[in-house]
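Chain A is the first sequence line, chain B the second, and so forth, proteins listed ahead of strands; every chain is numbered from 1.
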Protein chains: 2
Amino acid sequence: MFAALSHPVRRDLLSALLDGPETAQSLADRYAMARPSVAEHLKVLRDVGLVSERQAGRNRFYSLTPEPLTLLREWLEPYEQFWRGRVSRLATLLEMDASHD
Amino acid sequence: MFAALSHPVRRDLLSALLDGPETAQSLADRYAMARPSVAEHLKVLRDVGLVSERQAGRNRFYSLTPEPLTLLREWLEPYEQFWRGRVSRLATLLEMDASHD
DNA sequence: ACAATACGTAGGAATTTTCCTACATGTCAA
DNA sequence: TTGACATGTAGGAAAATTCCTACGTATTGT
(Lines give C-alpha, C1' and ligand atoms only; values in the text may rest on other atoms or scores of the structure.)
Protein backbone atom coordinates (compact mmCIF):
# COMPACT_ATOMS: atom_id res chain seq x y z
CA MET A 1 0.00 0.00 0.00
CA PHE A 2 2.52 2.59 1.14
CA ALA A 3 4.90 1.41 -1.54
CA ALA A 4 2.16 1.67 -4.16
CA LEU A 5 1.58 5.29 -3.18
CA SER A 6 5.26 6.17 -3.10
CA HIS A 7 5.50 6.95 -6.81
CA PRO A 8 4.15 10.31 -8.04
CA VAL A 9 2.84 8.86 -11.29
CA ARG A 10 0.77 6.33 -9.40
CA ARG A 11 -0.68 9.00 -7.13
CA ASP A 12 -1.45 11.03 -10.22
CA LEU A 13 -3.25 8.08 -11.79
CA LEU A 14 -5.42 7.70 -8.71
CA SER A 15 -6.17 11.38 -8.77
CA ALA A 16 -7.16 11.18 -12.43
CA LEU A 17 -9.63 8.42 -11.65
CA LEU A 18 -11.42 10.58 -9.09
CA ASP A 19 -13.34 12.07 -12.03
CA GLY A 20 -14.54 8.66 -13.12
CA PRO A 21 -13.33 5.57 -14.98
CA GLU A 22 -10.93 5.95 -17.86
CA THR A 23 -9.35 3.66 -20.40
CA ALA A 24 -5.75 2.54 -20.08
CA GLN A 25 -5.05 4.44 -23.26
CA SER A 26 -6.40 7.79 -22.13
CA LEU A 27 -4.60 7.40 -18.82
CA ALA A 28 -1.34 6.71 -20.60
CA ASP A 29 -1.79 9.77 -22.81
CA ARG A 30 -1.41 11.96 -19.75
CA TYR A 31 2.28 11.18 -19.43
CA ALA A 32 5.44 11.61 -21.41
CA MET A 33 6.31 8.03 -20.46
CA ALA A 34 5.83 5.14 -22.83
CA ARG A 35 2.45 3.45 -22.55
CA PRO A 36 3.75 0.11 -21.19
CA SER A 37 5.33 1.93 -18.26
CA VAL A 38 1.98 3.40 -17.34
CA ALA A 39 0.50 -0.07 -17.71
CA GLU A 40 2.96 -1.34 -15.12
CA HIS A 41 2.05 1.41 -12.72
CA LEU A 42 -1.58 0.45 -13.19
CA LYS A 43 -0.65 -3.11 -12.40
CA VAL A 44 0.90 -2.06 -9.11
CA LEU A 45 -2.27 -0.19 -8.21
CA ARG A 46 -4.36 -3.17 -9.25
CA ASP A 47 -2.26 -5.53 -7.11
CA VAL A 48 -3.00 -3.55 -3.95
CA GLY A 49 -6.65 -3.18 -4.92
CA LEU A 50 -6.68 0.57 -5.46
CA VAL A 51 -8.05 0.28 -8.98
CA SER A 52 -10.21 -2.26 -10.73
CA GLU A 53 -10.62 -2.92 -14.43
CA ARG A 54 -13.56 -3.63 -16.66
CA GLN A 55 -13.06 -4.97 -20.14
CA ALA A 56 -15.22 -3.26 -22.75
CA GLY A 57 -14.48 -4.40 -26.24
CA ARG A 58 -10.96 -3.45 -27.04
CA ASN A 59 -10.88 -0.87 -24.32
CA ARG A 60 -10.15 -1.54 -20.72
CA PHE A 61 -11.66 0.88 -18.24
CA TYR A 62 -9.93 1.48 -14.96
CA SER A 63 -11.82 2.77 -11.99
CA LEU A 64 -10.89 3.84 -8.50
CA THR A 65 -11.55 1.45 -5.62
CA PRO A 66 -10.35 3.45 -2.63
CA GLU A 67 -11.25 0.91 0.05
CA PRO A 68 -7.61 -0.03 0.76
CA LEU A 69 -6.99 3.58 1.71
CA THR A 70 -8.85 2.94 4.93
CA LEU A 71 -5.67 1.15 5.99
CA LEU A 72 -3.83 4.41 5.58
CA ARG A 73 -6.47 6.21 7.59
CA GLU A 74 -6.10 3.64 10.36
CA TRP A 75 -2.34 3.90 10.27
CA LEU A 76 -2.65 7.64 10.66
CA GLU A 77 -4.84 7.50 13.72
CA PRO A 78 -2.23 7.02 16.49
CA TYR A 79 -0.22 9.90 15.05
CA GLU A 80 -3.22 12.18 15.10
CA GLN A 81 -3.85 11.20 18.70
CA PHE A 82 -0.21 11.91 19.47
CA TRP A 83 -0.62 15.29 17.84
CA ARG A 84 -3.80 16.12 19.76
CA GLY A 85 -2.07 15.00 22.93
CA ARG A 86 0.73 17.45 22.34
CA VAL A 87 -1.67 20.28 21.64
CA SER A 88 -3.65 19.64 24.78
CA ARG A 89 -0.49 19.45 26.87
CA LEU A 90 0.50 22.80 25.41
CA ALA A 91 -2.92 24.19 26.30
CA THR A 92 -2.42 22.97 29.85
CA LEU A 93 0.92 24.71 30.07
CA LEU A 94 -0.55 27.93 28.74
CA GLU A 95 -3.32 27.72 31.32
CA MET A 96 -0.81 27.21 34.10
CA ASP A 97 1.14 30.16 32.81
CA ALA A 98 -1.94 32.36 32.62
CA SER A 99 -2.82 31.47 36.20
CA HIS A 100 0.18 33.24 37.71
CA ASP A 101 0.00 36.75 36.37
CA MET B 1 6.64 12.23 2.39
CA PHE B 2 5.04 9.21 0.72
CA ALA B 3 8.47 7.94 -0.20
CA ALA B 4 9.64 8.37 3.38
CA LEU B 5 6.75 6.23 4.58
CA SER B 6 7.25 3.55 1.97
CA HIS B 7 9.84 1.61 3.94
CA PRO B 8 8.63 -0.64 6.77
CA VAL B 9 11.62 0.13 8.98
CA ARG B 10 10.90 3.85 8.77
CA ARG B 11 7.24 3.31 9.65
CA ASP B 12 8.38 1.18 12.55
CA LEU B 13 10.72 3.91 13.74
CA LEU B 14 7.87 6.41 13.76
CA SER B 15 5.72 3.96 15.63
CA ALA B 16 8.45 3.47 18.22
CA LEU B 17 8.62 7.22 18.80
CA LEU B 18 4.91 7.37 19.64
CA ASP B 19 5.92 6.32 23.17
CA GLY B 20 8.27 9.26 23.49
CA PRO B 21 11.75 10.37 22.43
CA GLU B 22 14.52 7.83 22.16
CA THR B 23 18.22 7.89 21.46
CA ALA B 24 19.57 6.87 18.08
CA GLN B 25 21.28 4.00 19.82
CA SER B 26 18.21 2.54 21.45
CA LEU B 27 16.29 2.90 18.20
CA ALA B 28 19.00 1.06 16.33
CA ASP B 29 18.99 -1.74 18.89
CA ARG B 30 15.48 -2.65 17.76
CA TYR B 31 16.69 -3.97 14.45
CA ALA B 32 18.93 -6.69 13.13
CA MET B 33 20.36 -4.11 10.72
CA ALA B 34 23.65 -2.37 11.32
CA ARG B 35 23.34 0.88 13.23
CA PRO B 36 24.44 3.17 10.37
CA SER B 37 21.60 1.83 8.24
CA VAL B 38 19.11 2.83 10.89
CA ALA B 39 20.86 6.21 11.06
CA GLU B 40 20.18 6.67 7.35
CA HIS B 41 16.53 5.82 7.79
CA LEU B 42 16.39 8.40 10.54
CA LYS B 43 17.95 10.90 8.18
CA VAL B 44 15.21 10.30 5.62
CA LEU B 45 12.59 10.89 8.30
CA ARG B 46 14.43 14.01 9.45
CA ASP B 47 14.59 15.36 5.90
CA VAL B 48 10.82 15.30 5.54
CA GLY B 49 10.36 16.70 9.02
CA LEU B 50 8.76 13.66 10.62
CA VAL B 51 11.32 13.47 13.40
CA SER B 52 13.46 16.06 15.12
CA GLU B 53 16.62 15.57 17.10
CA ARG B 54 17.95 17.02 20.29
CA GLN B 55 21.59 16.65 21.20
CA ALA B 56 22.18 15.73 24.82
CA GLY B 57 25.78 15.07 25.61
CA ARG B 58 26.90 12.12 23.57
CA ASN B 59 23.34 10.97 23.07
CA ARG B 60 21.01 12.24 20.43
CA PHE B 61 17.34 12.01 21.20
CA TYR B 62 14.89 11.65 18.37
CA SER B 63 11.30 12.66 18.75
CA LEU B 64 8.22 12.46 16.62
CA THR B 65 7.03 15.60 14.85
CA PRO B 66 3.94 14.36 13.06
CA GLU B 67 2.92 17.70 11.52
CA PRO B 68 3.89 16.67 7.98
CA LEU B 69 1.37 13.86 8.24
CA THR B 70 -1.37 16.45 7.85
CA LEU B 71 -0.34 16.45 4.18
CA LEU B 72 -1.25 12.80 4.06
CA ARG B 73 -4.57 13.53 5.70
CA GLU B 74 -5.25 16.24 3.13
CA TRP B 75 -4.24 13.95 0.30
CA LEU B 76 -6.66 11.36 1.60
CA GLU B 77 -9.63 13.68 1.71
CA PRO B 78 -10.81 13.59 -1.92
CA TYR B 79 -10.66 9.80 -1.84
CA GLU B 80 -12.80 9.68 1.26
CA GLN B 81 -15.30 11.98 -0.40
CA PHE B 82 -15.23 9.74 -3.44
CA TRP B 83 -15.93 6.81 -1.19
CA ARG B 84 -18.79 8.51 0.63
CA GLY B 85 -20.20 9.54 -2.74
CA ARG B 86 -20.27 5.93 -3.86
CA VAL B 87 -21.93 4.78 -0.67
CA SER B 88 -24.63 7.42 -0.91
CA ARG B 89 -25.28 6.57 -4.55
CA LEU B 90 -25.66 2.94 -3.49
CA ALA B 91 -28.10 3.98 -0.79
CA THR B 92 -30.12 5.87 -3.40
CA LEU B 93 -30.26 2.80 -5.59
CA LEU B 94 -31.40 0.64 -2.70
CA GLU B 95 -34.11 3.14 -1.88
CA MET B 96 -35.30 3.15 -5.47
CA ASP B 97 -35.34 -0.63 -5.39
CA ALA B 98 -37.27 -0.75 -2.14
CA SER B 99 -39.85 1.63 -3.52
CA HIS B 100 -41.13 -0.81 -6.12
CA ASP B 101 -42.02 -3.89 -4.13
C1' DA C 1 45.54 12.63 28.14
C1' DC C 2 43.32 8.29 26.87
C1' DA C 3 40.07 4.79 26.02
C1' DA C 4 35.32 3.99 25.32
C1' DT C 5 30.85 5.45 23.69
C1' DA C 6 27.42 7.67 20.52
C1' DC C 7 26.82 9.28 16.34
C1' DG C 8 26.88 10.82 11.29
C1' DT C 9 28.68 10.08 6.77
C1' DA C 10 31.60 8.26 2.79
C1' DG C 11 32.16 4.65 -0.56
C1' DG C 12 30.55 0.84 -2.69
C1' DA C 13 28.12 -3.76 -3.42
C1' DA C 14 23.66 -5.86 -3.86
C1' DT C 15 18.98 -5.36 -4.66
C1' DT C 16 14.84 -3.17 -6.30
C1' DT C 17 12.41 0.02 -9.10
C1' DT C 18 11.60 2.32 -13.16
C1' DC C 19 11.28 2.65 -17.91
C1' DC C 20 12.22 1.35 -22.42
C1' DT C 21 11.60 -1.52 -26.94
C1' DA C 22 9.89 -5.62 -28.72
C1' DC C 23 6.30 -8.88 -28.96
C1' DA C 24 1.84 -11.61 -28.32
C1' DT C 25 -3.15 -11.46 -27.88
C1' DG C 26 -7.71 -9.97 -28.46
C1' DT C 27 -11.14 -6.75 -30.71
C1' DC C 28 -13.15 -3.99 -34.14
C1' DA C 29 -14.07 -2.09 -38.81
C1' DA C 30 -13.85 -2.59 -43.75
C1' DT D 1 -10.00 -12.04 -43.67
C1' DT D 2 -6.99 -8.23 -43.02
C1' DG D 3 -5.28 -4.25 -41.05
C1' DA D 4 -5.44 -1.02 -37.33
C1' DC D 5 -6.12 -0.34 -32.45
C1' DA D 6 -5.91 -1.43 -27.37
C1' DT D 7 -3.66 -3.80 -24.13
C1' DG D 8 -0.53 -6.75 -21.09
C1' DT D 9 3.90 -8.81 -20.51
C1' DA D 10 8.90 -10.28 -21.32
C1' DG D 11 13.68 -8.94 -21.22
C1' DG D 12 16.99 -5.89 -20.11
C1' DA D 13 19.36 -1.25 -19.35
C1' DA D 14 19.56 2.56 -16.22
C1' DA D 15 18.61 4.65 -12.01
C1' DA D 16 17.45 4.61 -7.23
C1' DT D 17 17.32 2.40 -2.75
C1' DT D 18 19.09 -0.27 0.79
C1' DC D 19 22.60 -1.93 3.59
C1' DC D 20 27.17 -2.89 4.74
C1' DT D 21 32.13 -1.74 6.66
C1' DA D 22 35.34 1.84 7.49
C1' DC D 23 36.18 6.15 9.18
C1' DG D 24 35.93 10.91 11.40
C1' DT D 25 34.24 13.68 15.25
C1' DA D 26 32.47 14.88 19.64
C1' DT D 27 31.61 13.66 24.49
C1' DT D 28 32.28 11.19 28.76
C1' DG D 29 34.63 8.80 32.47
C1' DT D 30 39.15 7.52 34.40
Side-chain angles (χ1 to χ4, degrees), chain A residues 1-65 68-69 71-72 75, chain B residues 1-65 68-69 71-72 75:
Chain A
M1 255 288 294
F2 287 91
L5 297 177
S6 72
H7 198 289
V9 166
R10 287 196 289 267
R11 291 198 299 278
D12 207 73
L13 284 168
L14 291 180
S15 165
L17 291 176
L18 278 171
D19 298 331
E22 257 189 80
T23 66
Q25 187 70 53
S26 68
L27 285 170
D29 290 347
R30 294 169 171 267
Y31 305 93
M33 278 193 307
R35 183 196 53 78
S37 304
V38 177
E40 276 170 23
H41 283 303
L42 285 170
K43 180 178 165 58
V44 174
L45 293 173
R46 213 187 316 148
D47 287 349
V48 298
L50 281 169
V51 304
S52 63
E53 48 187 289
R54 179 176 54 86
Q55 186 86 36
R58 63 180 159 184
N59 295 312
R60 182 169 297 216
F61 284 87
Y62 278 89
S63 39
L64 190 59
T65 51
L69 291 179
L71 289 176
L72 209 162
W75 180 86
Chain B
M1 253 288 292
F2 287 90
L5 297 177
S6 71
H7 198 288
V9 165
R10 287 195 289 267
R11 291 197 299 279
D12 207 73
L13 284 167
L14 292 180
S15 165
L17 291 175
L18 279 171
D19 298 331
E22 258 188 79
T23 67
Q25 187 69 53
S26 68
L27 285 170
D29 289 346
R30 294 169 171 266
Y31 305 94
M33 277 193 306
R35 182 195 54 79
S37 304
V38 176
E40 278 170 22
H41 283 303
L42 285 170
K43 179 178 166 56
V44 173
L45 293 173
R46 214 187 316 148
D47 287 349
V48 298
L50 280 170
V51 305
S52 63
E53 47 187 289
R54 180 176 53 85
Q55 186 85 39
R58 63 180 159 183
N59 295 313
R60 183 169 297 218
F61 283 88
Y62 279 87
S63 41
L64 191 60
T65 52
L69 291 179
L71 289 177
L72 210 162
W75 180 86

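- Looking at which nucleotide of DNA chain C each of A/Q55 and A/H7 is closest to, the 5′-most match is held by A/H7.
- Atom-to-atom, CG of A/D47 to P of D/dT9 comes out at 9 Å; the value is rounded to the nearest Å.
- The side chain of B/P36 approaches D/dA22 more closely than any other nucleotide in the set D/dT7, D/dA22, C/dC7.
- OP1 or OP2 of D/dC20 sits under 4.0 Å from a side-chain N or O of B/S37.
- Contact annotation: B/Q25 does not reach the phosphate of C/dT5 (side-chain N/O to OP1 or OP2, under 4.0 Å).
- Taking atom CE on A/M33 and atom C1' on D/dA14, their separation rounds to 16 Å, with Å as the unit.
- Note: CZ (B/R35) to P (D/dC23) measures 15 Å, nearest angstrom.
- Proximity of a side-chain donor or acceptor of A/R46 to a complementary backbone N or O of A/V51 within less than 3.5 Å is not detected.
- Rounded to a whole Å, the NZ atom of B/K43 is 13 Å from the P atom of D/dT17.
- Within the 4.0 angstrom heavy-atom criterion, base atoms lie near B/A34.
- Taking CG from A/L13 and CG from A/L27, the interatomic distance works out to 6.0 Å, rounded to the nearest 0.5 Å.
- Between A/F2 atom CZ and D/dT17 atom C1' there is a gap of 19 Å when expressed in whole angstrom units.
- Counting heavy atoms from C-beta outward, B/L69 and B/M1 have side chains that approach closer than 4.5 Å.
- Look at CD on A/E40: it is 13 Å from P on C/dT21, rounded to the nearest Å.
- Nearest nucleotide to the A/R46 side chain, out of C/dT9, D/dT9, D/dT18: D/dT9.
- Between the side chain of A/R60 and the main chain of A/A24, no donor-acceptor pair closer than 3.5 Å is present.
- As judged by a 4.0 angstrom heavy-atom cut-off over every strand, A/F61 is placed among residues making no nucleic acid contact.
- Closest to the A/T23 side chain, of the nucleotides C/dC19, D/dT7, C/dC7, is D/dT7.
- Within the 4.0 Å cut-off from OP1 or OP2 of D/dT18, at least one side-chain nitrogen or oxygen of B/R10 is found.
- If you take NE2 of B/H41 and P of C/dC7, they are 17 Å apart, rounded to a whole angstrom.
- Of the listed nucleotides (C/dG8, D/dT18, D/dT9), C/dG8 has the atom at the smallest distance from the side chain of B/E53.
- As judged by a 4.0 angstrom heavy-atom cut-off over every strand, A/Y62 is placed among residues touching the sugar-phosphate backbone only.
- A/T65 places a side-chain N or O within donor-acceptor distance of the main-chain N or O of A/L50, the cut-off being under 3.5 Å.
- For the OP1/OP2 pair of C/dA29 and a distance below 4.0 Å, the side-chain nitrogens and oxygens of A/R58 include no atom meeting the criterion.
- Here the C1' atom of nucleotide C/dC20 and the OH atom of A/Y31 are 18 Å apart, to the nearest Å.
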